[in-house]
Every structure is written in structure tokens, then in C-alpha cells.
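Accompanying notes for the structure given below.
In this chain, numbering begins with 1 at the start of the sequence shown.
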Amino acid sequence: MSKTKQSCEKYLSTSQLDELVKLTSEFYKLRNSAYEKFGIDLLDSGDSLSSANLYSIVKQYDHSFLPNFHRNGVDGKSSVGGVEIKNTRVDSEFTKKGKLKKNPHNATWTLHAISDYSDRYIFVARSKITLEPVRIYDISDSIAVAKVVEHLENQRQVWLAKSSGDIKKMKNDRIGISEKFIKELGNFEVKHIDSCQVFIK
């Protein structure tokens, strides 16, 4: 068996599987309870869980923010208008020896080239291990939002030029925005909420 194939496989023993089944049954109980009370399927996608988790942090400094739990439409709304929310998973900022990495903040968020722009952007960096937010960039300042939109529009135009109307390429309209670019917007107000650094602009 090749190394590549082995790396794509993970099997559990029967006793481990029995334990896993018990744990998953708890997920279904929670899912069914939430669905019965709110009509939201928490297991339908990761977005519902992420949005609820994000709300618990953002509400502590912005009472106008509300996430949208519908599969379509904007990701949320607030006093400044529609909110685009993007999540990505990141490694720890520290090495195994506990030293800060040379480039600890190097996240990238994926967006669609063919999508509407928003009045506010919230970029969430989540721990790959716990899935908890470790850094949030909340951008609603009109000048900063305009810079984000300009950056995305530039990428959109590059993508459009490359796709040249090819239907196969049109299905994969992913573009990205880096944490480095976001940090260069500068002058963020920094808050520490629930073990998460929140950068507000």
C-alpha cells in the first residue's frame, strides 16, 4: 500500500467505534433539541455552529450584530448593514517548544469571486485543534471596507481574465485575502474576549 493511500485512511478498533457511536448520539440529541426549538440544523453545515460561537464574542462589544442562520443571503446584519463572515483554521502561534513562531499570523480566508460586496467584514481565525476563535478581525470602518473591497475586486478581475468564460473554471471561483493584508489596514482597537484577540476597525 502506498504512503499516499495510507495517509488518506483512518480506521478505529471496534471498541473505539462503540465509544464513538455513544459520543455521536449526544451530537444528534443536541441537534434535534436545537432544531425543535429554533428550526436550525446545527449539523447541516459548520456555519451555524460557527455563527453561534462568533455571536457569543461579538455581542460583548456590538449589541446590534445578528448572524443569519439561513443557508442563503448575507451572513449577518448590524447597525452598519450587511455582514460577510469568513472562517479559517490556523495552527498555534507557538512552536512545540513554546516559542512564538517567526510568522505566527499568516491566515488566509477564501471568498467567491462572483459574490456581492458587504458593508462589514468579520474574518475569524479558528484553532485547528479546538475550533475556537483565536483572532477576529472586525472591519466596518468605511475607508477600511473600501480597501478590502478594492482588494477583492482586483482579484475578481484577475480571476475573470483567467476563466475567460470557461464554465468549468467558473465553478471554482475562489479568491483569497491574507491576514497580512488585513493587518496592514492598521490602527485596530484590540480587545481580549474569551481567550480571543479581537481587532476592531
Side-chain angles (χ1 to χ4, degrees), residues 34-35 37-42 44-90 105 107-127 131-160 163 170-201:
Y35 192 78
K37 290 180 181 178
F38 311 113
I40 296 171
D41 186 348
L42 294 176
D44 187 36
S45 74
D47 292 343
S48 294
L49 286 170
S50 297
S51 293
N53 179 246
L54 175 66
Y55 172 74
S56 69
I57 295 175
V58 176
K59 74 172 184 177
Q60 297 185 51
Y61 63 87
D62 179 8
H63 299 296
S64 75
F65 171 70
L66 289 173
N68 178 16
F69 288 97
H70 197 283
R71 286 186 68 90
N72 299 315
V74 296
D75 295 329
K77 65 179 183 178
S78 69
S79 59
V80 298
V83 184
E84 177 83 10
I85 301 168
K86 289 297 171 189
N87 293 274
T88 193
R89 297 181 186 184
V90 295
H105 297 172
T108 300
W109 290 268
T110 302
L111 297 92
H112 290 288
I114 305 302
S115 64
D116 295 328
Y117 295 126
S118 193
D119 305 302
R120 178 177 178 181
Y121 288 85
I122 299 180
F123 297 99
V124 186
R126 295 180 176 275
S127 165
L131 300 185
E132 291 288 345
V134 291
R135 295 185 301 282
I136 294 172
Y137 297 89
D138 190 337
I139 304 166
S140 59
D141 172 77
S142 59
I143 295 174
V145 168
K147 290 180 180 179
V148 169
V149 169
E150 179 184 20
H151 182 73
L152 295 174
E153 179 60 26
N154 289 339
Q155 288 194 67
R156 173 187 284 182
Q157 293 306 318
V158 170
W159 178 82
L160 285 170
S163 63
M170 296 289 271
K171 291 179 180 179
N172 184 12
D173 66 338
R174 290 179 292 182
I175 58 175
I177 191 165
S178 70
E179 190 166 6
K180 180 182 178 183
F181 172 83
I182 293 171
K183 295 197 91 165
E184 286 174 354
L185 296 173
N187 298 317
F188 285 93
E189 176 189 355
V190 183
K191 293 180 179 288
H192 295 270
I193 303 174
D194 300 343
S195 301
C196 177
Q197 281 186 299
V198 183
F199 301 83
I200 303 167
K201 189 171 181 63

If only atom types and distance count, is the side chain of [X] paired as donor or acceptor with the main-chain N or O of [Y] below 3.5 Å?
X	Y	result
Ser51	Ser48	no
Thr110	Arg174	no
Gln155	Gly176	yes
Ser118	Tyr121	no
Asp194	Cys196	no
Asn68	Val74	yes
Thr108	Ile177	no

Quick check for you: to the nearest 0.5 Å, what is the distance between [X] atom [atom1] and [Y] atom [atom2]?
X	Y	atom1	atom2	value
Glu150	Leu152	CD	CG	10.0 Å
Asp47	Ile40	CG	CD1	12.0 Å
Leu131	Asn87	CG	CG	9.5 Å
His63	Ser79	NE2	OG	11.5 Å
Ile175	Gln157	CD1	CD	10.0 Å

Checklist entry - Do Arg120 and Ser78 have a side chain donor and acceptor closer than 3.5 Å? => result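 Arg120 vs Ser78: donor-acceptor pair found between side chains.
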Checklist entry - Please walk me through it: do Gln197 and His105 pass side-chain contact (heavy atoms from CB on, under 4.5 Å)? => result CA-CA 12 Å; Gln197 281 186 299; His105 297 172; 4.2 Å; yes
Next on the checklist: Please verify the inter-ring angle class for Phe188 with Phe199; under 30° counts as parallel, over 60° as perpendicular, anything in between as tilted.
Outcome noted: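 Because their plane-to-plane angle is over 60°, the rings of Phe188 and Phe199 count as perpendicular.
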Next on the checklist: I'd like to know if Glu184 and Lys147 make a salt bridge, using a cut-off of under 4.0 Å between side-chain N and carboxylate O.
Outcome noted: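 Lys147 and Glu184: not salt-bridged.
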Checklist entry - Any idea which heavy atoms bring Ser56 and Asn53 closest together, and the distance? => result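 Answer, listing the atom of Ser56 first, then Asn53: OG-O, 2.6 Å.
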Item to check | Atom of Ser50, atom of Arg126 and distance for their closest heavy-atom approach | outcome: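 For Ser50 and Arg126, the tightest heavy-atom pair comes out as O-NH2, 3.0 Å.
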Checklist entry - What's the verdict on side-chain contact (heavy atoms from CB on, under 4.5 Å) for His151 and Ile182, showing C-alpha distance, side-chain angles and the deciding distance? => result CA-CA 10 Å; His151 182 73; Ile182 293 171; over 6 Å; no
[X] side chain near [Y] side chain, heavy-atom distance below 4.5 Å:
X	Y	value
Asp173	Arg156	no
Ile122	Tyr137	no
Trp109	Glu179	yes
Val190	His192	yes
Val124	Lys86	no
Asp75	Phe69	no

Counting only heavy atoms from other residues, nucleotides and ligands, does the tally under 6.0 Å from [atom1] of [X] exceed 12?
X	atom1	value
Tyr61	OH	yes
Lys201	NZ	yes
Lys180	NZ	no

Checklist entry - What's the verdict on salt bridge (charged side-chain N to carboxylate O under 4.0 Å, His left out) for Asp119 and Lys77, showing C-alpha distance, side-chain angles and the deciding distance? => result CA-CA 9 Å; Asp119 305 302; Lys77 65 179 183 178; over 6 Å; no
Item to check | Criterion side-chain contact (heavy atoms from CB on, under 4.5 Å) on Asn154 and Trp159, from CA distance to verdict | outcome: CA-CA 9 Å; Asn154 289 339; Trp159 178 82; over 6 Å; no
Next on the checklist: side-chain contact (heavy atoms from CB on, under 4.5 Å), that's the test. Do Phe123 and Asp138 meet it? Break it down for me.
Outcome noted: CA-CA 7 Å; Phe123 297 99; Asp138 190 337; over 6 Å; no
